[in-house]
Structures are given as C-alpha cells and as structure tokens.
Amino acid sequence: MTEMLVGPVGALLSLDLWHGTDDAAAALAAGFALPAAGRAETLPTGSVLRVGPRRWWLLGAGFSGDAIAQALGDSGTVTTIAGGWVRVQLVGSTWRGLLMDCGLIDAESPDFGPGTVAVTLLSHARCVVHVRDAMRCDLFVPASYAEHCLAQWRDLGWQQVAA
Amino acid sequence: MLLIPCPHCGPRNQEEFAYERTLDSVVRLDDAPDAAVTALYTRANLRGTDHEIWSHLCGQWLRLTRDRMSHAISAVEPL
Amino acid sequence: MGAGRYSALSLLRGAITGHRHWGRAWRAAEPGGPYDVIVIGGGGHGLATAYYLAKEHGVRRVAVVEKGYIGGGNTGRNTTIVRSNYRQPQLQRLLDYSLKLWHGLSDDLNYNVMFSPRGALFLGHSDADMVKLAERGDALIAMGIDAELMDRDAVARLVPLLDMGRDARWPIEGGLIQRRGGTARHDAVAWGFARAADSLGVDIIENCEVTGFLRDGGRVTGVRTTRGDIAAGRTAICVAGNSGHVAGLAGIKLPIESHTLQAWVTEPVKPMIDTVVMSQTLHCYFSQSDKGGMVGGGDPDFFPSYAQRGAPMRLEDSIAQSIALAPALSRLRMVRSWAGVTDMSFDGSPIIGEMPLDGLYINGGWCYGGFKATPGSGRLYAHLLATGESHPIAAPFDLARFAQGRTIDETGSGPMPQSR
Amino acid sequence: MREHAGTVPFTFDGKAYAGHPGDTLAAALVAAGVKLVARSFKLHRPRGIMAAGVEEASALVTVGYGAHAEPNVRATDVFLYPGLVATSQNAWPSLRHDIGAVNSLAASLIPAGFYYKTFFGPPSRWMIYEHFIRKAAGLGQPPRVADPDHYAHRSAFCDVLVVGGGPAGLAAALHAAEAGKRVILIEQDIAPGGSLLREAVTIDGAPGDQWAQTMVARIRAAGGRVLLRTTAAGYWDDNFLFAVERRVEPGQPGQGPAQVLWKLRCAEVVLATGTIERPLVFVNNDLPGVMLAGAARALALRHGVAPGRRAVIATSHDDAYRTAFALADLGVEIVAILDSRTAPAGPVIDAARARFAVFADARPLRAIRSRNALAGLDALVAGVRQRFDADCLAMSGGASPVLHLHRQAGGALAYDAARGGFLPGAGRQGNTTIGAAAGIHALASILDQADVVDPLGAATAPAPGPIWRDDVPGKAFVDFQNDVTTGDLALAQREGYTSVEHTKRYTTLGMGTDQGKTGAMVALAQIADLRGVALPEAGLTTFRPPYTPVTMGAFAGPARGDHAAPIRRLPLAAAHDALGALWVPAGAWMRPRAYPEAGESIGQASLREARMVRASVGVVDVSSLGKFEIAGPDALALVAAVCATPMAKLAVGRGRYTVMLREDGMVMDDGTLWRLAEDRWLITSSSGGAARMSRHMTYVADVLLGHPRAAVVDVGEHWAGLAIAGPRSAALLADLIGAPVPSHMGLCHGTIAGAPVRVLAASYSGERAFEVHVPGHLAHAVFAALVDAAQAAGGGVYGLDAMDHLRVEKGHVVIGAEADGRASPADLGMGGMLRKAGGFIGWQGLTRPALADQAGRRQLVGLTSIDGAGICEGAMLVVQQGEEPAGHVTTAAPRVAGQGAIALGLLTDGAARHGEVLLAWSPTRHSMVQVRVGPAVFHDPEGALYHD
C-alpha cells in the first residue's frame, strides 16, 4: 500500500547559472555537486535536484541562499521559491502506479530509479518528480494545483495521510 | 502524438511541449520596422520541412527540423 | 444540361424507372480554357465562387481545379455549424451576409443542403461570462442581427441534458442564442454548388493539382497543373488549409499557418439535443446530426501540420469538457474522429482580396470558422473577381491590413496563430 | 446440440432465457432459437446474427437498463452475465411488428441521397420534415442521465506491443518476452486464441483454445503483460496507441472503473490482427439466418450452438468448407456446399465431397424469406437456377486482413489480385504485421516451432466472391447497417459521385457503427466493376480512429466532475472561507468576490467593502498576480525588452507602473516593476496573463536575446500577495512592521507576525496602499494580523468586486476588459509612458500607418451616468438608439467616493469627445442610460492621496 504524505516544502532555493558558465567551477565554489540532467544528489545539508537546462533546486534548510550567491559571484543567482510548491511524499512499493495513472512518463522503466529527477505533467499540473528509493518518491506540486491533484489522486484510490 | 527529444530531458510526449513559431519569423529588437512587420506577419507555411522553435516544460527552448506532412523530426538543437 | 430538376415528383418518376434516368450531377470536365477566371480549390467556397460568377456576373468561362475530389478538404471535415453571432462588426456583417444566403440556398441551388436553423447557443459559466455574452448580444442587435439572452431556466428548458447543478465544474448561468443559426449538411453544400455551377457552364476539373503559376512578367496568366497548363484572365486561390503552400508556388508568404483541428462523432442514437451548444469560455462545442450521431470538437492542435491527423489529447480535452456540460454524453460511444487543416490567419479573420501579383487573388485564412461563411464568401469573391473591386463587406479583409495595422481580431489574442 | 440447459439467466425484449458461461449474447439467442434480433437503420428490414465479433453490423441491441443502459451494443461483442437485460432497438411497436418496415415498401422512393432531391421550401418547412427524419434516424435510445460508471486512464511503455492474441500474436509475444523485452499483448476477446476459437485443431497436443491459455500463462511468467478484453482503439504518431480495456460488460454494474483507457508508448508495434470475413452479394443477403461462415463455425465450435437445422454453405474459397464439418458434427444437415469456383480442389474439398453435396460454379442469387427469417435460396449452379431449402446460409466471399491500425499509422498497402484485396506494405513507423493479417494462413507456418495437427489440412489464402451484376431483381446489400445496396452504388456512380469518398458520403457506405468492416472491400469491388477499373484504381477511403467505437467517458477518464479541469486555489483559501467569502472563477483560479454579511446582496456587499477602503482600510488577496524575479548582470537588458516604460534610471528600492506589449504593439499585460537590487528586478503582471508572461519572458531571454547573463524565476506562487489600502493603511502597516513604511512606489523588507515580508507601496484603488508579499506557506499568520489590524481600525477584508469598483473610479485599465488585446498604448492613454528610445518588444508594430495616426481608433474614456442610473457593463455606446455602435462600456461601477454610476469604455476618437452625451444602450438587458463622456478618472486625479 502506498500512502501520500502531504506538507509544505519548507526551505527551497532555485540556483540558476548563466548559459555558458562552467558548472564544475560553480559547484566547486558553492561547495556541493551540481547534478547532471535528470539527476539528484542527496547531501547531509539537503538535496540538489537538476530541474532545467541551467537550474538546480536546493532542497533543505542546510543551504544558505546568501552564502551561495556570494560564492557564485556573477556566474549565477539564487532565489527563494519554497512558497510555490507542496511536497507529496509517496511512501510504499507501488508509487510508480500513481505516475502511470495520471502522467505519461516511463516511471516503470528500470532506469527510473533512485536519484532520478523528472519535470513532467501529472493530472495537467507541471510537477517535479524526485525518486528517493524503491519505497519513496517525492512529488513537488505547484501549491495552487495541490488540491486538484490530491483530490483526483484520492479519487483514483491513493491514500492521503498528513505529513 | 509526437515523441519529441528534449535536449535536456530526453524523449518526452508532445503534451509537454509548446510550439512558438518558425525560426524565420523571430522579430529581432533591432530589425527595421518593415523587416520586423514582415517577419511577424508572413510565414512560408511549407507543406514540407521547416525549422520550428518549441519549448519544453523544463524550460529548454529547442529548434526542431520537422516535416509538416509526416511529422517526422529530422533534427533537434537546443536554443 | 444537368441532371434534371430535383423534386419530390422527380423521385416518384425515379421510383418507376428504377432511378436510371438520373445523369451526372456535374460533368467530369477536361481542362480547357483560356478561361476568364480559374478558381483553385473545389471546396464549398471555390464552387460557390464559380456559381455566383456564372449566375450573377454572367462570367461563363470559369473553371474550378481541384487536386482531389470536390468537397474533400475542410468542406467535408467541419462540424457543420452555421451562425453569425460574432463580436467584431466587420465579421458580423460578413457572416450575416452569408447567413442570409443560407436561408434560401436549397431552393436557389435546387439541392437540399439541409440548412436547419435550430439555434446556436453560447453558454455562460459565470456572471463575467454573462456580461460578455450580453455585450455580444447588444452588439449584434445594434447591427440588426438576431441575438437573445437566456437565463438559466430558459437554457435548461431548451437543452434538458445540460448539467444545471450549482456545483458543476462549469455551472451554467445562462446563454446567448442566435435562433437563425444552426447546422447544414456539409457534403451537400459542395455537391449543390457544383451541380448548379456546372449547369451554368462552369468546368469542374477534379484530380488536377496546381503545381505552379503561368507568368507574363508581373502578371499571373493561369496555372500549371498535373493535367497541363490552363490559362485564365484572373486566377483565384481558394484552398483554405493549403493557402500557404499554394501562395508559396507564386513566391508569396502569407500571414497564415496551417494547424490541425479535430472533431469526433458518436454512434447514432434517437434525438437527444436539438440545438448547437457552444461555450463562451471553454472551447468545446457539440450538436446532434440528422443521422443521430453527436458531433463535436474543441481546441486545434496548436502546431503546424498538413497531415490531417491530430493528437488524441485534444480529443480528451473537448470530450471531458462536453461531458462536464452534458453528463449523459459519457455513455455514448465515439465511432469516428478526423482532422482538417485550418488556415490559421494572424488576426483570426479571413483574407479576401488581391495578391501582390496582378491577376492573382486570395480567399483564405478562415481559421476554424469557414463553413458558415461558404455562400457569402463565394459571392463576395465572385464580386471581386468579376468587377476587380472588393465588395464593401469584404473590403476590410484585404491582405494589406496586417502591414497597415488594420487587423480584425475577434479574440484579441494577437498575431500568434497558436494563441487563438 | 448443447446437452444441459443454460445456467446464466438473461432477458431479451422481456422474455427470459438462459445461456452458458462464456456465451456471447448472440450465441445464447441462437441457442434459444431467436432469429429476429433487430431492424435495419433506414429500411427497417428484419435482421439477425450475421458475424461473431466486432465486425457485426446488423445485430445491435441495447444492453442494461436505467442509467446502466448502453445503446448500439453488438450482440456478438457482449458476453453473458447473470441478469443481463437486452432490448431490441429502432422498432415500434415491437420487433416483430415494426411500423418502420413500411420504409421497405417505399424503398424505391428513398434510394441513397434521396433527401438531397426533395424537402425544398423555406428552412422552417425543412425543419418539419427534419423533425420526423431525426425521430426515425438513430438506432438505440440515448442515455438521459449522468453516467453511473467511471473510467480510468493508465499509461504504459514497452519495447514490443503485440496487437491480437491469436496464434501469431501469442507466439510473437512469448518470443519477445523470453528475449527479456518489455512486452504488452492485447486481445479484444474475453479469451485468447483468436481464430483458434473457431477451429478444431490441436497444438502441442492440446486443443487450440487451451494451448492459447497456456501461452498467456507462459508470457506472463516471462514478465510480459497480457490484457484481455482490450481493444487497440487508435494508432497515432511515434508508436503511441490508445487501448481500451473493458473491466465489465456493457450494461453490467461494477465497483472499480468500468473501462481503463491505456496510453501506450511503444518502441515497436507488431500487428497480429487477423482477418475479417467478407459476405457474398446476392438478393436478401441480410435475412436472419444468413451469416458469415466463420461466425457459424464459431457458434458450433466455441459455443456448441447449431445456427440452424438445415444449412447451405456458399463460398468462394476453401475456408468455409470447415464450417460444413463443424455444423455436421453438431447434427446439422448440410444441404449443399456452393462453391463459386469452377474447379475447386484440395484436401478439404476432397474430404467434403466424401460427406456433402458440393456444387462447383455455384452461387446464391436470392435468399427466400418467411416469417422474418431464411427459408431457402435460389442459386445459380453451372448456369442453371436451383432452389435449396435451408434455415441457415453460411456465406463467405473471402476475407480482408485487418489493416486499420497499419493505415492509421500511415502504412502502405500492396494489392493482391488473387485475394481481391490489400495486404499491408511497409509500415511508416517501423510497425510490422504478422499472421493472417499479413496473408499467412497455414497454422503450421505461423507456429513453425509447434506441433500442429489440423485434420482438414492447412488453411489456404482466401479468394474474393463473385461480382453482383443485378442478376435477379431485389436488394443485394454491401453495407448491412446503413442499408446500402448494389443499386445505391450504381446510382452514385451514375450521378457522378464516382470517387470512392464521394460514393461513401453519398450512400453513407461504411459510416455505420461497424465502420465498413464487413462491407467496405465488397463494395469497393462492386464500385471498381461499375467503373470498369481494377480494384486498386477505385481508391480507398481513409481509416480513422477509433478501430471500434469507444465510450466517450473512457476518453475523459479521471477528468470528470470537479476534476474535469484543474481549479487553482489561493494559499489563503481556508482563511477566506472562514471570513464567509463568496467565490468566483477568474481564469483557472477561484478568487473571493465579496464577503456578504447577513441579508446583503453581492452588489451591496461590494459597495460597502469599497467605501470601507476609501473611509478607513481594507485588505484584499492578490496572490494570483504574476510575479517574476529577474536577476543577473544583464537583467536590465531583459527587463527593457519586455517592459515598454523607462526604467534604466529607477533607483534601487523604487518601483513604477509598467506595460508590456505584444510584438504587434498592442498592450499584452500591465503591472509594476521594482528594482530590488542593482541587478535584481521584480515584475508583477495580471493574474489572467501570468502563464503567458512566464513563457514570453523565457522566450525573450533564451531565443530573442540569446541567453543574457540573467535568470527569470517565476515566483508567482512563492509569494502570496495581500494588498492593504486606505487612509489608515500606512499607520497600520508601520505598527505591524515596527518600522516606517516606504513612500508611494517605494519598497522595504520586514517581518509581520514572525514571517519575512516584502512591502511594495503600490496602489490600485487610488488610496494610499501597499502590497505585502509573504511566502505562500507562511501567509496565514500575516493575513490574520493584517485583517485583525484592519478590523480594529474600522476596516476589514474586501473582494474582487469592491477592488473593481475602486480601480474603475481611479481609471486603472484591466487586461481583458479595457486592454482587450486590440488596444494600443495610445488607445488607453499610455502613449506618453513609452520609452522614447524604443527598443522594447512591439515598437516596430506601433510604427504601422493605421497606428501612427489615431484617427478612427477606439480610445479609453470615462462615462458618467447623467441621472445616476446604473450603466450596463458591455452596453453599446451610440448617439441614438438603432445606430451602429461607436464603442462599448468595458467596465461599469457605482461611485464609491460619492453617489451615482460611472464606467470606463472604448469609444471611437474618444479622446476628442469629452463632454459629449451618449446613450449606453443594452437591448439584451432593456437598458438605456444617458452618459457624459469624460476623462477616465473620477477620484483624486492628481494622486494627492498617495502621499502621507
């Protein structure tokens, strides 16, 4: 049985590097790895998710926006965006089923495993999917779409519990 | 329902993409007025292959070389 | 010439003779010429143009060249809605000019096009929608065009299957109906105009694709086709959906891009809905054909295509919206879906007028609203082709309007076709 | 014959019957001796069971009752369940005695396309005829209530999709699964096996149907997914298919979803779709008792049901001989086998000659009817007419490979003269076709590894039936559902509707619910013969999705009821509910319209709220506004491209009203622009335009300016937005922040109730006002603090309507009302705001001649109701009633600071017509109000109120 644990995202920063800057140098300066396309890195301070061609999400209170901005100098910028997202933690072995019920992405593929990040449509909402491990997958849903998505997912038989 | 290779995310279904315009209809800010109005208001609209600007919901803009009869995509470049 | 006059009596005579006496409804003409006018495109608009040229302007040396079979393009692919309740005054004049012609068309052509003024109803889903509909109604009445604002109860009586629940996803607050609007049998429009034009001497040449233009310096003097060259005093492009391609053969780029519009039909059932139902905010619409199938559609596939094939997601959207409005539709079964290629113009309005080359004319850019304009479009185009002057109702729709800043934008969504 | 009585009770037209598990409704009816099952669409001819699957054209019934009733169900494609209720359609007063049958008598009066030749006169007269035509048309009764069933969608990706669970499909799926590929096999029947279910063959020692069951088990064991009762409905680009799985039979109530619409993206598609048998063409070939030979065989071998007592087999190829053996083994007397070939030969024919009377060069001419069913037939045997008595005529005019999906996917066709039909050519999307659909019929060659025993010898290729040339008078059908006869085809050709698409539309050939599955190829052969061309030259109609009709609800899937489309909720939705908010849709959002107190109308509430703001202070939720942070060394270049107003010299901590144009120069959006830091800007824009603005700015950054060193971050939902406006707003906010508030169009940061906030001193209402931005998930405490403070100061919360009254009185335009996408900056009185240096998007568009000079353009004006009566929003502006409008009222509102009614409007040459008196005329609302034209501002034109 897979359950949905729903709650605010808490601390979330958007790290944007200019086109043409050297990712490795920026990572070195920031002090944490900047994952490749479609990947996430989990660190003691939080997780870094690659969500766009020049955009990474810094998830967790351990990241200091100002310090990172300072470190990046004029190769990038950091913006707080926590208020715009709701996190739906899917806990259970059958979480792939929810993505196949309301999305059109190959979540059942062997290479949709831990550390995978995907930006895709779920129930008409533009969501970010972060596969933690075989039993856990986090969905980031735009806050204004959360009620719609959760209502539809409950309607499809997925159990919701408070985070 | 096309499967479009996003330069950043890899192949994704057409619903995640949005068509913008053809490459030759981009209106540059420094175009002279006549050239700008022509680029804005005329399209080759080929019944064949043309270069099109699309965007993916991950934020990647891309250029598709695509046949309007068969929908076959012969080339993709990031923008 | 002609297959003899159609009437109930003619059917009785046919019953006796086993219907052996009927001749061809239109001749399978061979390319001849030179012609006074060549119309490129054997759809409803092209055939109507030829008919009115011959009937009202006495221009008898007319040919219609069609690359496939007549009525095989958008004329045979639309959802057959006929109405004139637009908001912009130029479009109101143009489409009501056409709607008046619809009301006498079957008798005029002696071919029953089954024009059925069953009412075209726009639904409003909020007070803001109702204000927009009232504004549209006020504008129409001020132009002498019929429009009637309806409250919730009146709409519920007219279309009992609508979900009048307060908690519906799109609650129905009322509507605006044009009683003179309705539907018609699309194939019959092409065949009716073809038969009537043919009986006035127009050559209808099928399986004859235009591959280029004959030129005499700056002037276009006819067309090259898959069945040889054909000369003409005036050449009239009328190929909506392919306007870009054909204009390209003359080296001209138009403010038009071809996008796909899909539609669906269900299995035939006994009468269920009598009115054409549309929505002010949603882009879905549906009505029941005379054979009993519910016909509907919604948004175009917003990207360029000539493939006459759409993506299933658009069907999902328009069907989900239609079911939300009329829940009983859910148990019907879709039996067929198809797609047309629409000439999406860069202000949403048609283009009727001269092309930059002498002797070449254009009638296109009808987006997803060309069927309702068929007789009016043909008659106005015939006026231009016969007299060289644009009819006052057609004048605002010239090609030059874009560069001059006189665009006519019904939805106010600007030059990008996919934002319509 | 079936030994024991049926165990599954069902009713047909109220009469009780019982069938066997696994029976189709058709099999159970035939077993019960029911022949007449339906009436045909146009001529109301008696119809019975003709086929054995989805290609059935005649036997359509309504299954289920009440809300669960489903019209137009093929009796051959619904499997029995206890309590199934089936009723006949399109017959009144009863199936046996149907008034509609009179159409058959008048048939010669109503050939194909008769309705184009009559019913003339005014449209009102046509609508009278049409009323009766519509009543007669249509088959089943339509559902009248909401659908009790619900439907699910499910996506799946695979390496190999195999369509068709017959021998070829099962073998291909097992092979791929055992090779480690992700395999999905779909089969439309309730049981696997396909053609094996109507053959007496053994494979690897087991009967065909049991072999098929074991193959399914082996495929699943190898990791393959097998979906039975699932139909491939449509094949779109890049191997994307819809498949519809029926979880319950038509009319059968159930718990979970009644159907699942599978969305399949496949690397490779293998079509093992088999063939569909063709009818023969002869007079009355539609009579109950006349059926396809394969269908008769399926009744006998699959269901143990004899379709009659005395049978004639009429065929043009070997396959139908097998039916003779199957029927004979059930005790049916085989009166004759009529083979249209002059010299049929082969093992099965020799076996047949040993048991039955086989006649070569023989074909049926006319079926004879008695009491709505077959009693016998006249045949032509070697040129001599001969009568045969029979109550069952199993016919076969060859078979057509099922090419629908191959064609939907753009595949080519190859004509095969011997078969009189098409085989699949190259697939456009790398799809392949195998088995009978590819013209391979011998089971041994399909299952080359298996041990196949076929007592009647290997199956051979089908050959087409003879062309019907009106050898005897009477109606010979090519489309059984739409009653299209060979006579109709001849009439269409005679009248010039020669292209096959014209013939199809003129006669409605192939446009019934069976979509021409049985009749199309036979009709094409007849058309080719009429035109004297070979069949391929006659042309082919397009194959369109879906392959078989699909329930509309399945297409909508979970997008049902409230979920038909997303509704976007504000972060403070719960708080507004607690305050008694009345919600209204605004684009995809739901926003509070007003907070009516007991007994107040919406109008009274919104005027009270608006006056409260002018008098003291009000708080309104503006969270849905677009908000974008643009940061980086080149941020200014990006902002200057998007916003048309000057900003280079804007100091850090300051903001300004701005407008964003489309490339044609028209106003696309408006909002405020703030310099948060040297190279960090905040742009706010309208709620309705937020998505469009987000896309526009990334297009400008990545495509137009080619990646400047600047990022565009959409923070629209990160920041909840709470506007606080009114004379007391500044003092109240200063207390809450514990610091001085910024001057008008200034900004500062602070905290309220422990939450970090950004305060922008912008005003929409015309009062001194501020927008407090707070992260969405921290907004509740801030909203509560602001509302409590406002209420304590004599104010409170206000909604959209009140905000609208205030902004109209101040003359602010709204995107979608005044800025309707047709208005230029100059039309809205904003010409002076544009950057003289240009360089903003839209500047070239504005140089166009008709925009350079303003003559004849519709311009923004203020309108004051002369006698104070309310002005109708949307009313036409005319000098006198009946004139063509010179403009219209865009937004109307009551005066807030004072009495009476005002409005904003767009009026031709409005700027030059101040002082004129016009009529705001609304015929739809029976309203006529005199209005005076004036400037589009009614309250504090100088903006004195902005300064404390």
Side-chain angles (χ1 to χ4, degrees), chain C residues 6 8 10-11 15 19 22 24-26 69 72 103 106-107 111-112 115-117 126 131 134-135 137-139 141-142 149 169 187-188 267-272 290-292 311-312 315-316 319-320 323-324 327-338 404-406 409 412-415, chain D residues 70-72 108-109 111 114 116-120 123 127 130 133-134 137-147 236 242 491 494-496 499 501-502 505 513 544-545 549-553 555-556 559 562 564 585 662 664 820-822 848-851 873-876 885 922-925:
Chain C
Y6 287 167
S10 68
L11 274 176
H19 293 286
W22 297 115
R24 288 187 61 94
W26 67 91
Y69 54 92
H103 275 259
S106 294
D107 286 359
Y111 198 100
N112 182 8
F115 170 64
S116 171
S126 63
V131 167
E135 174 188 323
D138 291 340
I141 293 169
L149 206 58
R169 174 62 183 82
D187 296 317
E267 294 179 330
V269 286
K270 295 300 181 190
M272 198 175 171
D290 285 350
K291 283 212 294 297
L315 297 177
E316 265 186 57
I319 289 172
I323 292 173
L329 292 180
S330 172
R331 280 188 89 73
L332 292 178
R333 282 193 291 269
M334 177 208 288
V335 71
R336 201 169 45 259
S337 71
W338 65 91
Q404 291 172 6
R406 293 181 285 104
D409 193 342
S413 39
Chain D
E70 214 170 299
N72 304 340
S108 54
L109 265 175
F114 72 95
Y116 300 127
K117 297 190 172 81
T118 181
F119 303 134
F120 292 107
M127 288 183 70
E130 187 185 39
I133 290 174
R134 287 169 72 91
L139 292 167
Q141 285 299 332
R144 299 268 176 213
V145 294
D147 189 344
W236 285 273
F242 270 10
L491 176 63
R494 191 176 312 133
E495 292 197 84
S499 122
E501 279 287 348
H502 276 164
R505 293 155 190 240
T513 61
R544 296 196 171 101
V550 171
T551 302
M552 297 277 274
F555 264 99
D562 292 346
R662 283 194 315 239
D664 62 351
D820 60 4
R822 287 177 283 271
R848 290 179 294 165
L851 297 167
E873 200 160 282
M876 292 300 117
S922 172
T924 60
R925 288 155 292 177

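The figures that follow rest on heavy atoms only: side chains count, while hydrogens, waters and symmetry mates do not. Every chain is numbered from 1 and lettered A, B, ... according to where its sequence line falls, protein lines coming before strand lines. Every value quoted in this text rests on a predicted model; they were computed, and no experiment measured them.
- Atom CZ of D:R494 sits about 13.0 Å away from atom CZ of C:R24, to the nearest 0.5 Å.
- Residues D:P71 and C:E267 form no side-chain contact, since every pair of their non-hydrogen atoms from C-beta on lies 4.5 Å or further apart.
- Summarising the geometry, atom CG belonging to C:L11 is positioned 7.0 Å from atom CG belonging to D:L109; distances are rounded to the nearest 0.5 Å.
- When heavy atoms are compared at a cutoff of 4.5 Å, D:L139 approaches chain C by way of both its backbone and its side chain.
- Of all the listed residues (C:A188, C:P271, C:A139), the one sharing the greatest number of non-hydrogen pairs under 4.5 Å with chain D is C:P271.
- Atom CZ of D:R144 sits about 14.5 Å away from atom CZ of C:R331, to the nearest 0.5 Å.
- Options C:L315, C:D409, C:L332 differ in how many heavy-atom pairs under 4.5 Å they form with chain D, and the most are formed by C:L332.
- Although no hydrogens or angles enter the test, the distance criterion places no donor-acceptor pair under 3.5 Å between the side chain of C:S106 and the main chain of D:F120.
- Aromatic ring orientation, C:W26 versus D:H502: perpendicular (interplanar angle above 60°, classes split at 30° and 60°).
- In terms of heavy atoms, D:P885 sits closest to C:A142 at CG-CB, 3.5 Å.
- Shown here for D:F555 and C:E316, the closest heavy-atom pair between the two residues is O-CG, 3.2 Å.
- Per-residue counts of heavy-atom pairs under 4.5 Å with chain C were compared for D:P585, D:A556, D:A875; the largest is that of D:A556.
- You'll find the side chain of D:R134 stays beyond 4.5 Å of the side chain of C:K291, heavy atoms only.
- Chain D forms more heavy-atom pairs under 4.5 Å with one residue of C:G137, C:A320, C:G292, C:A311 than with any other, namely C:A320.
- Each of D:D820, D:D664, D:I133, D:L851 has some count of heavy-atom pairs under 4.5 Å with chain C, and the biggest count is that of D:D664.
- Shortest non-hydrogen contact noted between C:G412 and D:R822 is N-NH1, 3.5 Å.
- A donor-acceptor pair under 3.5 Å is formed between the side chain of C:K270 and the backbone N or O of D:A137.
- Taking CE of D:M552 as the start and CD1 of C:I319 as the end, the distance is 4.5 Å to the nearest 0.5 Å.
- With a 4.5 angstrom heavy-atom cutoff, D:E873 touches chain C via backbone and side-chain atoms both.
- Per-residue heavy-atom pair counts under 4.5 Å with chain C were compared for D:F114, D:F119, D:W236, and the maximum is reached by D:W236.
- Using a 4.5 Å cut-off between heavy atoms, C:D187 touches chain D through its side chain atoms alone.
- The closest side-chain heavy-atom distance from C:V269 to D:N72 is below 4.5 Å.
- Among all heavy-atom pairs drawn from C:E135 and D:M876, the shortest one is O-CE, 3.4 Å.
- C:I323 touches chain D through its side chain: at least one heavy atom from C-beta onward sits under 4.5 Å away, while N, CA, C and O do not.
- Per-residue heavy-atom pair counts under 4.5 Å with chain D were compared for C:P327, C:P268, C:P415, C:G414, and the maximum is reached by C:P268.
- Among C:Y111, C:W338, C:F115, the residue making the largest number of heavy-atom pairs under 4.5 Å with chain D is C:Y111.
- In this structure, the side chains of C:S10 and D:T118 stay at 4.5 Å or more apart for every pair of heavy atoms.
- Taking all atoms of both residues into account, the shortest heavy-atom contact from D:G874 to C:D138 is O-OD2, 3.7 Å.
- The shortest side-chain heavy-atom distance between C:H19 and D:E495 does not fall under the 4.5 Å cut-off.
- Annotation for D:R662 and C:S413: closest pair NH1-C, 3.6 Å, computed over non-hydrogen atoms.
- Rounding to the nearest 0.5 Å places CZ of C:R333 at 5.5 Å from OG1 of D:T551.
- Using a 4.5 Å cut-off between heavy atoms, C:A324 contacts chain D through its side chain alone, with no backbone atom that close.
- Counting heavy-atom pairs under 4.5 Å between each of D:S922, D:S499, D:A559 and chain C puts D:S922 at the top.
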